[in-house]
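Report on one structure; see the data block that follows.
Letters go in sequence order (proteins before strands), and every chain restarts at 1.
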There are 2 protein chains.
Amino acid sequence: MSIANGEGIEPMDYTRSCGGAAIGARLRRLSESIDGDTMRAYAALGVQFEQRWFGVLNQLALNGPATVGELASTLRITHVSVSQTRNSLEKAGIVVSEADPSDARRRRLMLTDAGLALIERLQPLWRTCEKVALELTAEAGDLMAALDRLDDALTRRTMFERLMSGTTLLDDLDPTPQGRTG
Amino acid sequence: MSIANGEGIEPMDYTRSCGGAAIGARLRRLSESIDGDTMRAYAALGVQFEQRWFGVLNQLALNGPATVGELASTLRITHVSVSQTRNSLEKAGIVVSEADPSDARRRRLMLTDAGLALIERLQPLWRTCEKVALELTAEAGDLMAALDRLDDALTRRTMFERLMSGTTLLDDLDPTPQGRTG
DNA sequence: TGACATTGTGTAGGCGCCTACATAACCATG
DNA sequence: CATGGTTATGTAGGCGCCTACACAATGTCA
């Protein structure tokens, strides 16, 4: 808490110095960097593409038509996000949807010919992504496996549970109820 | 590309099956999960806190008053983001700012007493974050180090450079100039 | 048949970050 | 001291995701 020098020395990376409370920020920064560069690659190839399209397109290509809810569940994002992505994909003519005849609540998405062509066209870039991912995994030493394990760890016990569990937090926490500013 | 079954089988996690093109999405999803849970922890403790405050607050606590640009540089985010965070912090009474007497373009941020008190109050939670980060690193097998190495790898050569470099991409890429939809 | 919960999808608005652009203060020139 | 480039900050609007809420179609049960 001591107020030290205001300039001069500068830690090489704040997320490295204070890992714990900033790990979310760090992952976010990495994802934005990678997503941004990938988008730039699409643009550089003259292909109009949105990052968020990938999951849905890939699933439709692999497994055929699917509903909003099915895609959300497979992609592990909310149905809202899928719904918005669907909207964008339809506007771009890459996907069409129709009400499921057996249940009018459901909306079945399927690729258009333009969608199939787009996927075909992007295959090389996506294969390159795979290669780069391998390259990075090599350089970063087992990154993907570490992410797998992080996913697993958080599935076993969420961040929230970990933060709130007595052993780590409540022992330490000063119980004066002075908080709640707003 | 073959259209297979539309229901039934479901890969356990799409990001694991198609790692390359979705690595950004995966990191984003992880960061959102962690950030969201951390925010829930603040809320559960009755403290009104925004995730984005952390970097700036931490820096001000560690190094004393600083300008928007200095913070942006240290935190490795844009000055815009710092500027918006500053605004939010000032509205919450946690930080005040004044024009630098020697250069009126610069705005020096410093903690208020309320800001110092908030930091004091959050120390236990932040220490818990550290512990949880260590816990996760243990469970995820050297996660933080892998992230360090990923950062380094991307600094050496950006994702964009990797994607565009001939060896990986241009060899594969079908050169028909049919793209550019919009 | 009508009431009521459940399910599938959509809308509004928020998060923390971004890029592109605008503005104001500073610093050289002439 | 006017001109124009540079620097520090701010505004507008976008990204992909989120939560909270709205609503229509379906199932259930009196």
Side-chain angles (χ1 to χ4, degrees), chain A residues 15 21-40 42-43 48-57 66-73 75-90 97-109, chain B residues 15 22-40 42-43 48-57 66-73 75-90 97-109 160:
Chain A
T15 48
I23 183 174
R26 177 167 200 183
L27 289 168
R28 176 184 298 270
R29 206 183 64 190
L30 279 168
S31 97
E32 278 172 358
S33 154
I34 290 175
D35 268 10
D37 269 15
T38 309
M39 200 167 56
R40 262 164 238 132
Y42 288 118
Q48 197 266 321
F49 193 81
E50 300 179 24
Q51 272 299 319
R52 61 173 167 169
W53 289 354
F54 178 77
V56 168
L57 282 191
T67 68
V68 171
E70 285 164 1
L71 291 166
S73 155
L75 302 179
R76 302 216 187 173
I77 57 181
T78 62
H79 77 271
V80 177
S81 185
V82 173
S83 172
Q84 291 166 341
T85 301
R86 175 199 64 75
N87 209 311
S88 163
L89 282 166
E90 292 212 27
S97 65
E98 59 182 23
D100 186 322
S102 74
D103 184 344
R105 288 169 305 181
R106 292 185 176 168
R107 181 179 285 215
R108 269 195 122 49
L109 316 201
Chain B
T15 47
I23 183 174
R26 177 167 201 184
L27 290 168
R28 177 183 296 271
R29 205 182 65 190
L30 279 168
S31 97
E32 279 174 356
S33 153
I34 291 175
D35 268 10
D37 269 16
T38 308
M39 201 167 55
R40 262 163 238 131
Y42 288 119
Q48 197 266 323
F49 193 81
E50 299 178 25
Q51 273 298 320
R52 61 174 166 168
W53 290 354
F54 178 76
V56 169
L57 283 191
T67 68
V68 172
E70 285 164 0
L71 290 167
S73 155
L75 302 179
R76 302 216 186 173
I77 58 181
T78 61
H79 77 271
V80 177
S81 186
V82 174
S83 171
Q84 291 166 340
T85 300
R86 176 198 64 73
N87 208 312
S88 163
L89 282 166
E90 291 211 28
S97 65
E98 58 181 24
D100 186 323
S102 75
D103 183 345
R105 290 170 305 179
R106 293 186 174 168
R107 181 180 286 216
R108 271 195 118 51
L109 315 200
F160 184 73

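Nearer the 5' end of DNA chain D, as judged by each residue's closest nucleotide, is the contact made by B/Val80, out of A/Val80 and B/Val80. When the nearest nucleotides of DNA chain D are assigned to A/Asp100 and A/Asp35 by heavy-atom distance, the more 5′-ward of the two goes with A/Asp35.
Checked against C/dA25, C/dC17, D/dA25, the side chain of B/Thr85 finds its nearest nucleotide in C/dC17. Checking D/dA8, C/dC18, C/dT11 against every side-chain atom of B/Arg106, the shortest atom distance belongs to D/dA8. Nearest nucleotide to the B/Arg52 side chain, out of C/dG10, D/dC17, C/dC17: C/dC17. Comparing D/dG10, D/dG16, C/dC26 by their nearest atom to the side chain of B/Arg28 picks out D/dG16. Listed candidates were D/dC17, D/dG10, D/dT19. Nearest to the side chain of B/Arg40 is D/dT19.
Within the 4.5 Å cutoff, the side chain of A/Ile23 has heavy atoms near those of the B/Ile34 side chain. A heavy-atom distance below 4.5 Å is not found between the side chains of B/Thr67 and B/Leu109.
The interatomic distance linking A/Glu90 (CD) with C/dT9 (P) rounds to 13 Å, in whole Å. Look at CD on A/Glu98: it is 16 Å from C1' on C/dG8, rounded to the nearest Å.
A salt bridge links A/Arg28 with B/Asp35: at least one charged nitrogen is closer than 4.0 Å to a carboxylate oxygen.
Phosphate contact (OP1/OP2 of C/dC18, side-chain N/O of B/Thr78, threshold under 4.0 Å): present. Residue A/Ser83 has no polar side-chain atom (N or O) positioned under 4.0 Å from OP1 or OP2 of C/dT9.
Checked by distance alone, A/Arg105 brings a side-chain donor or acceptor within 3.5 Å of a matching partner on the base of C/dT7.
In terms of modelled atom types and a separation under 3.5 Å, the side chain of A/Ser83 and the main chain of A/His79 share no donor-acceptor contact.
Note on A/Thr67: only backbone sugar-phosphate atoms sit closer than 4.0 angstrom, heavy atoms only; bases stay farther off. The residue B/Gln84 sits close to a base: some heavy atom pair falls under 4.0 Å. Counting any heavy atom pair closer than 4.0 Å across all strands shown, A/Val82 reaches no nucleic acid atom.
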